[in-house]
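Worksheet for the structure shown next.
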Amino acid sequence: MILYFSATGNSLAIARQLAERLNERLMLLTEAVKQDLTGEKRIGLVFPTYDFNLPPAMPEMVARLKISPQSYVFTVITCGSMAGNCVWVLRRLLRKKGIELAYSHKVSMPDNSALAFGRNPNKQLGKYERVPARMEQIIRELQNESHTLHYSWFGLLSWLLGRPAMERGMIHYLGPKVNADKCTGCGTCVRVCLMNNIILQPRSVQTEQSSNNASAQTGEAVQVAVTGDRCTVCLACVHACAQQAISTNGKVTLKERQYRHQQIKLKDLLLR
């Protein structure tokens, strides 16, 4: 079983390859926490790094996973450059459940969080060229059920960035903000949100209608997206919004900086 957590398709693309080559089923991690997976002999966790650590929502999800201590458990991490403390933290979380992490590796991908800092993740597409060779190594080692933890060291900076206060600051600093004036209420952001953290709410607006050269005001009900307090800063909504109505770090979203993995379509990321 390959479990994945993916906002813009990087981890989903890797998870699909693993599932196909290893003849395993594929399941979204947010759905897997609702299942009993103790009968699975092999469990793979595929997810991205967030500030050199696990996504803020992942520790809770890992704690909720029902998997057997006898399972061969591995992880493949997608990242812009470094895996940080992801392997070290995941190993510690699994050990609390009596489970040993058998294998880990990383795959470098375009960094979708670059948008939050004014950079264009689509200028990092050259990273795709190195993926096939890395994947062949990973798949060969997993087929042999290798017990090797690549990129599993502990880093002090990564540890500091993973402290709860730092994570809360990151979510506040980078958390998506909806521009209600640009939002059309299409609901795409609601459907891609991994945390079910965005809803549509009615908003009453005033529009002008002319009749016999007389101006009249009329109330029109419209839907606008509203974010909640469960954001994990995956930025799926920012990259998926067709109106570029969701900003992060106070920066207006530019269409040319919105990113999705080239092998993944928007419909593949829609959750509901």
Side-chain angles (χ1 to χ4, degrees), residues 4-13 15-16 28-31 47-51 55-58 78-80 109-125 127-128 167-205 207 220-272:
Y4 72 94
F5 186 89
S6 185
T8 54
N10 284 339
S11 294
L12 174 54
R16 279 182 171 179
L28 188 64
L29 185 55
T30 52
E31 291 300 316
F47 58 89
T49 59
Y50 288 9
D51 286 325
M58 275 212 53
T78 59
C79 55
M109 288 282 194
D111 179 9
N112 74 353
S113 69
L115 180 148
F117 302 99
R119 302 195 304 273
N120 188 346
N122 293 300
K123 291 186 177 180
Q124 302 177 24
L125 300 185
K127 294 179 180 179
Y128 288 155
E167 285 194 343
R168 287 194 297 270
M170 179 189 71
I171 292 172
H172 175 76
Y173 186 64
L174 299 180
K177 304 293 190 299
V178 178
N179 182 339
D181 293 331
K182 293 181 68 175
C183 178
T184 62
C186 70
T188 299
C189 58
V190 177
R191 300 178 68 191
V192 299
C193 181
L194 291 159
M195 303 307 298
N196 197 24
N197 187 53
I198 306 176
I199 61 173
L200 293 179
Q201 288 186 346
R203 181 187 67 177
S204 179
V205 299
T207 60
E220 177 187 353
V222 297
Q223 297 281 320
V224 294
V226 177
T227 58
D229 59 2
R230 299 179 61 243
C231 182
T232 196
V233 200
C234 72
L235 305 187
C237 58
V238 180
H239 287 277
C241 179
Q243 305 302 321
Q244 294 79 53
I246 308 178
S247 64
T248 184
N249 190 16
K251 297 183 183 298
V252 176
T253 306
L254 300 177
K255 185 175 182 180
E256 59 266 26
R257 290 179 178 169
Q258 289 179 302
Y259 170 79
R260 185 168 65 249
H261 191 281
Q262 292 182 338
Q263 296 176 359
I264 303 299
K265 297 180 180 179
L266 177 59
K267 66 179 182 180
D268 299 326
L269 299 171
L270 298 177
L271 308 179
R272 53 191 73 85

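Start at 1 with the first residue, then count along the sequence. All values reported here derive from a predicted model rather than from experimental measurement.
Residue N10 holds its CG atom at 12.0 Å from CZ of R260, rounded to the nearest 0.5 Å. Between the OG1 atom in T232 and the CG atom in L194 there is a gap of 8.5 Å [rounded to 0.5 Å]. Summarising the geometry, atom OG belonging to S6 is positioned 9.0 Å from atom NE2 belonging to H261; distances are rounded to the nearest 0.5 Å. Taking CD1 of I246 as the reference point, atom OG1 of T227 lies at 8.5 Å (rounded to 0.5 Å). Taking CD1 of I199 as the start and SG of C189 as the end, the distance is 10.5 Å to the nearest 0.5 Å. Atom-to-atom distance recorded for T8:OG1 and L235:CG is 8.5 Å, nearest 0.5 angstrom.
Residue pairs meeting the salt bridge (Lys or Arg N to Asp or Glu O under 4.0 Å) criterion with at least one member in residues 263-272, sequence neighbours excluded: R16-D268.
Q258 places a side-chain N or O within 3.5 Å of a backbone atom of C241 that can act as its donor or acceptor partner. In terms of modelled atom types and a separation under 3.5 Å, the side chain of N120 and the main chain of N122 share a donor-acceptor contact. Here the side chain of K127 pairs a donor or acceptor atom with the backbone of G80 at under 3.5 angstrom.
Listed here is the closest heavy atom pair of F5 and S11: O-CB, 3.4 Å. Contact between D111 and Q124 at its shortest, heavy atoms only, is N-OE1, 2.8 Å. Heavy atoms only, all atoms of each residue included: Q223 and L200 are closest at OE1-CB, 3.3 Å. Closest approach of A7 and N112 over heavy atoms only: CB-ND2, 4.3 Å. Nearest heavy-atom pair, A225 versus I198, reported as atom, atom and distance to 0.1 Å: CB-CG2, 4.0 Å. The two residues K182 and Q244 come nearest to each other via the heavy atoms NZ-O, 3.0 Å.
Residues meeting the side-chain contact (heavy atoms from CB on, under 4.5 Å) test with E256, sequence neighbours left out: L254.
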(message) Let's go through L12 and L269 carefully: what are the C-alpha distance in whole Å and the side-chain angles of both, what is the deciding distance for side chain to side chain contact (heavy atoms under 4.5 Å, CB included) to 0.1 Å, and is it a yes or a no?
(response) CA-CA 9 Å; L12 174 54; L269 299 171; 4.0 Å; yes

(request) Kindly indicate, with the supporting measurements, whether the criterion side chain to side chain contact (heavy atoms under 4.5 Å, CB included) is fulfilled by T78 and T49. (result) CA-CA 6 Å; T78 59; T49 59; over 6 Å; no

